[in-house]
Amino acid sequence: MVAATTIADRVSVDPGTALRTRWRRLRLPATFGYVGALIAVTAVFSVLSDSGQSKMVVHASTNLHNLLNGRVGTLFSSALVIGDVAAAWVIIPLLGCLLALAELRFGAVHLVRVFLAGHIGATLLVAAGLWIAVEADWLPASIRWAQDVGVSYGAMALIGAIVVAVPYRWRIAWATVWFIVATEAVLISQTFTNVGHLLSFCIGSAVGFSMIRAKAAPTTRLTRVESGLLAVSAILAAILLMG
């Protein structure tokens, strides 16, 4: 009887502890921190004059001119500036849903790692491709000063990685559909931004399937809230790729 009581005590879960754990998960520090920063920067950006907005975008852009001149800080500042105010107020809440789902599923640390891997990785790969193209005279030299800011590379990396949260029977379909859409966008628009979307999605997908194999993220059934967040995330992906 004593042994049975001891085992029961070990496996019992204190309701208060469970509630505190659930509350800690819902705090979502990475999500609220980043969304708050985006709102603050966008609010400041919206009150600037046209010339002020242009200067801010140029200063934050991860274009060849800035990167080749050693302005590596743009790899981070570019993720805080959305060059179109109207678009920003649409994208930010949608991005918040994607961030929340990712943070609920694999935590703040993995969220930040995946976002930065997609944002920085795709940016550097695109920059390398543009540099080669300019040096080979395949593209005009003026592309060195192209404006390149926004959250889309990091967001598309999360769209790829969130395959972790997709029900098992739909994972391949999720990855395949978004890969096809991203590829089609490259073929139709033929812009370096679309190439970056495709690259960042591939980076995120590789991370997502790696987490599945390593069992580094929970694969439990989606809650109703998480299902809603996933649906909104799909809308964001469609806007970024086809907008």
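Everything numeric here is computed off the predicted structure, so don't read it as measured data. Side-chain atoms are counted along with the backbone in the values below, which use heavy atoms only and exclude waters and symmetry mates.
Between Thr223 atom OG1 and Leu104 atom CG the span is 7.5 Å, to the nearest 0.5 Å. Rounding to the nearest 0.5 angstrom, the gap separating the OG atom in Ser152 from the CD1 atom in Ile239 is 12.5 Å. Of the inter-residue distances, the one linking Asn69 atom CG with Leu64 atom CG reads 10.5 Å to the nearest 0.5 angstrom. Of the inter-residue distances, the one linking Arg144 atom CZ with His65 atom NE2 reads 10.0 Å to the nearest 0.5 angstrom. Put simply, OH on Tyr34 and CG on Leu28 are 16.0 Å apart, with the number rounded to the nearest 0.5 Å. We find the CG-CH2 distance between Leu139 and Trp131 to be 13.5 Å, quoted to the nearest 0.5 Å.
Of the possible polar contacts, none joining the Asn194 side chain to the Ser189 backbone as a donor-acceptor pair under 3.5 Å is found. Distance alone, capped at 3.5 Å, is enough to place a donor-acceptor pair between the Arg171 side chain and the Val166 backbone. Although no hydrogens or angles enter the test, the distance criterion places no donor-acceptor pair under 3.5 Å between the side chain of Glu135 and the main chain of Ile132. Although no hydrogens or angles enter the test, the distance criterion places a donor-acceptor pair under 3.5 Å between the side chain of Asp84 and the main chain of Ala86. Judged by distance alone, with hydrogens and angles left aside, the side-chain atoms of Glu103 form no donor-acceptor pair with the main-chain N or O of Leu111 at under 3.5 Å. Remark: side-chain polar atoms of Trp138 are not paired, donor with acceptor, to backbone N or O of Leu130 under 3.5 angstrom. Side chain of Thr42 to main chain of Ile39: no donor-acceptor pair is present (N/O by atom type, distance under 3.5 Å, no hydrogens or angles).
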*Given Phe32 and Leu99, is the side chain to side chain contact (heavy atoms under 4.5 Å, CB included) satisfied, shown in steps?*
CA-CA 9 Å; Phe32 288 119; Leu99 294 170; over 6 Å; no
*For side chain to side chain contact (heavy atoms under 4.5 Å, CB included), just list the numbers for Ile162 and Trp174, CA-CA rounded to whole Å, side-chain angles, deciding distance to a tenth of an Å, and then say yes or no.*
CA-CA 9 Å; Ile162 212 66; Trp174 174 271; 3.5 Å; yes
*Any chance you could lay out the side chain to side chain contact (heavy atoms under 4.5 Å, CB included) test for Leu222 and Leu229, step after step, and finish with the verdict?*
CA-CA 10 Å; Leu222 290 170; Leu229 294 175; over 6 Å; no
*Which is it for Met56 and Val41 under the side chain to side chain contact (heavy atoms under 4.5 Å, CB included) test, yes or no, and what are the steps along the way?*
CA-CA 10 Å; Met56 186 173 179; Val41 172; 3.5 Å; yes
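Screening His59, His119, Gln147 for a side chain to side chain donor-acceptor pair (under 3.5 Å) with Ser78, the sole residue that qualifies is His119. Partner of Leu95 under the side chain to side chain contact (heavy atoms under 4.5 Å, CB included) criterion, chosen from Ile82, Val232, Val90, Leu38: Leu38. If you run side chain to side chain donor-acceptor pair (under 3.5 Å) between Asp148 and each of Thr74, Asn63, Thr62, only Thr62 comes through.
Linking Ile, Leu, Val, Met, Phe, Trp and Tyr whenever their side-chain heavy atoms come within less than 4.5 Å puts Val186 and Met242 in one cluster. Note: the hydrophobic cluster containing Trp178 also contains Ile235 (ILVMFWY, side chain heavy atoms under 4.5 Å, direct or indirect links). There is a path of hydrophobic side-chain contacts, each under 4.5 Å, that joins Leu125 to Val134. Using a 4.5 Å cut-off between side-chain heavy atoms of Ile, Leu, Val, Met, Phe, Trp and Tyr, with links allowed through other members, Trp145 and Val57 fall into different hydrophobic clusters. A single hydrophobic cluster is seen to contain both Trp170 and Leu230, as judged by linkage of ILVMFWY side chains at heavy-atom distances under 4.5 Å, directly or through other members.
Ile120 is listed as a side-chain neighbour of Phe76, based on a closest heavy-atom distance under 4.5 Å. Side-chain atoms of Val163 and Ser205, non-hydrogen and from C-beta on, never get closer than 4.5 Å to each other. Here the side chains of Lys55 and Leu48 are not in contact, with every heavy-atom distance at 4.5 Å or above. In this structure, the side chains of Thr183 and Leu198 come closer than 4.5 Å at one or more pairs of heavy atoms. Annotation: side chain of Arg105 is not in contact with side chain of His110 (no heavy-atom distance under 4.5 Å).
Looking at every heavy atom in both residues, Ala155 comes nearest to Leu240 through CB-CD1, 3.8 Å. The two residues Leu158 and Ala102 come nearest to each other via the heavy atoms CD2-CB, 4.2 Å. Shortest non-hydrogen contact noted between Ile203 and Ala117 is CD1-O, 3.9 Å. Residues Gly160 and Phe201 come closest through the heavy atom pair CA-CE1, 3.5 Å. Here the shortest heavy-atom pairing between Gly118 and Ser200 reads O-CB, 3.8 Å. Residues Val151 and Ala79 come closest through the heavy atom pair CG1-O, 3.6 Å.
Aromatic ring centroids of Tyr153 and Phe115 lie 6.0 Å or more apart.
Side-chain atoms of Thr191 and Thr193 include no donor-acceptor pair closer than 3.5 Å.
Within a 6.0 Å radius of CH2 in Trp89, other residues, nucleotides and ligands contribute more than 12 heavy atoms. Atom CG of Asp50 sits in a sparse spot, with 12 or fewer heavy atoms from other residues, nucleotides or ligands closer than 6.0 Å. For CZ of Phe179, the number of neighbouring non-hydrogen atoms (other residues, nucleotides, ligands) closer than 6.0 Å is 12 at most.
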